[in-house]
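As structure tokens, the structure follows; a few thoughts come after it.
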Amino acid sequence: MAKTVTKAVFPVAGLGTRFLPATKVLPKEMLPVVDKPLIQYAVEEAMEAGIDEMVMVTAPGKSALEDHFSPAVELESFLEARGKTEALASIRDDFPHPKKISFARQGDPLGLGHAVWCARDFIGNEPFAVLLPDDLIQATPGCLSQMMDAYQGTGGNVVAVEEVAADLTSRYGILDVTEDDGRLARAKGLVEKPSPDDAPSRLAIIGRYILQPEVFEHLDKKVTGAGGEIQLTDALAATLEGTPFHGLRIDGRRFDCGSKMGFVEANSAFAAERSDLHGGG
Ligand code: UTP
């Protein structure tokens, strides 16, 4: 049986340049979809999947993320005194309280692989999950829970994948598939951001990973790849010989909230699910 995953890394140190000027001061991961910041959706998804220790890899100027997960004692007292029970519940009883949240720093945004590497001391020699909060996934059960189920059968590395249009492969890590049952695809190769002509498939990695700690051995080498960044996909490609690698097509809908259109669509889709908003509230 695959070793249980109890820790997750949230790489949140990127600059969010596609969302300027909103992200000049506000971290991209604090942008709200309806009334909840992206990072909170990701933390709730991780908790639902059984994760109780979380590490956020942040950058200078992103202290709002840390503040969001700290108690707001004065605000709570204010809401309590005014009898605003629903608002109070949203920041206290209904708020996610993982057993442990730690913060690591990525000094310079050298790439996703480097951000994950910055969390190595918190993870140690255990399998772990990685969640990119700007990929918001509407799914029941949650995306990471679906992956945990698949991982019980496959072990190794498991990522969430989505079939993308041929002209979009250059934005993603793409799987070179060896077996595929229509839901789970096993990869024999991985390519980061290939042009449509070089892409071995259209199966793209989206922002959810269950990884074995061996990936740190490759990230330690700090090899740069596409865009001059230290790419997580390249480090995972280097583990393929010793570790099975599967992509799981998720039963759900993904919104790329790092892009303006994806963010707008997410707001509309999540609002549509909210019974309290149907009266125009
Ligand atoms: P993105 O490339 O989407 O994020 O990285 P970005 O760089 O913040 O956004 P743009 O392209 O400038 O608008 C995907 C995820 O990886 C994290 C980001 O915070 C985001 O969650 N990341 C990326 C890091 O933590 N460190 C990095 O060096 C790069």
Side-chain angles (χ1 to χ4, degrees), residues 8-33 37-46 54-66 68-69 101-123 128-137 143-144 159-162 164 168-174 190 192-193 204-209 211 215-216 219-220 222-236 254-266:
V9 178
F10 299 77
V12 289
L15 296 176
T17 55
R18 283 172 292 162
F19 248 105
L20 286 168
T23 48
K24 187 175 170 207
V25 175
L26 185 71
K28 174 171 71 173
E29 301 78 10
M30 286 302 294
L31 292 172
V33 167
L38 288 169
I39 187 69
Q40 191 175 327
Y41 286 97
V43 165
E44 288 174 358
E45 181 186 323
M54 318 207 171
V55 191
M56 295 193 187
V57 180
T58 67
K62 291 205 145 184
S63 54
L65 285 159
E66 208 160 334
H68 187 68
F69 290 96
I101 299 195
S102 311
F103 293 86
R105 269 291 170 105
Q106 185 187 27
D108 291 307
L110 300 179
L112 177 59
H114 181 255
V116 170
W117 178 81
C118 290
R120 67 200 178 285
D121 291 341
F122 294 86
I123 300 301
F128 62 102
V130 177
L131 296 95
L132 307 188
D134 46 2
D135 265 336
L136 179 58
I137 300 168
C143 177
L144 193 61
V159 298
V161 292
E162 193 176 276
V164 296
L168 295 183
T169 56
S170 59
R171 294 192 196 166
Y172 295 91
I174 301 289
L190 295 170
E192 181 63 25
K193 300 188 170 54
I205 303 177
I206 57 173
R208 300 289 184 275
Y209 305 73
L211 302 179
V215 70
F216 289 121
L219 291 172
D220 271 341
K222 307 228 176 72
V223 178
T224 53
E229 295 194 341
I230 300 170
Q231 299 287 358
L232 182 58
T233 307
D234 294 342
L236 293 173
R254 175 189 70 119
F255 299 92
D256 174 9
C257 290
S259 79
K260 291 177 186 128
M261 208 51 215
F263 179 74
V264 170
E265 284 170 3

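What you see is a predicted model, and the numbers here were worked out from it, not measured in a lab. In listed order, ligands and their atoms are each counted from 1.
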Exercise for the section: Give the ring-plane orientation class for F19 versus F263, where under 30° counts as parallel, over 60° as perpendicular and anything between as tilted. Expected result: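 Geometry flag for F263 against F19: perpendicular rings.
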Handout entry: N/O donor-acceptor pair under 3.5 Å between K28 side chain and P133 backbone
Key =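 Such a contact is absent between K28 side chain and P133 backbone.
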Practice task
Would you confirm whether T23, through its side chain, and G16, through its main-chain N or O, come within 3.5 Å as a donor-acceptor pair?
Solution key: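 A pair under 3.5 Å: yes.
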Handout entry: Residues in the immediate environment of ligand 1 (any heavy atom closer than 4.0 angstrom)
Key =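 For ligand 1, the contacting residues are P11, V12, A13, G14, L15, G16, T17, R18, K28, E29, Q106, P109, L110, G111, L112, A115, D134.
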Exercise for the section: Carefully, step by step, assess V116 and V57 under the rule side-chain contact (heavy atoms from CB on, under 4.5 Å). Expected result: CA-CA 8 Å; V116 170; V57 180; over 6 Å; no
Problem - I206/V161 under side-chain contact (heavy atoms from CB on, under 4.5 Å): CA gap, chis, key distance, verdict - result: CA-CA 5 Å; I206 57 173; V161 292; 5.9 Å; no
Exercise for the section: Applying ring pair (Phe, Tyr, Trp, His ring centres under 6.0 Å), name anything that partners F103, two or more places apart in sequence or on another chain. Expected result: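 For F103 there are no ring pair (Phe, Tyr, Trp, His ring centres under 6.0 Å) partners, ignoring immediate neighbours.
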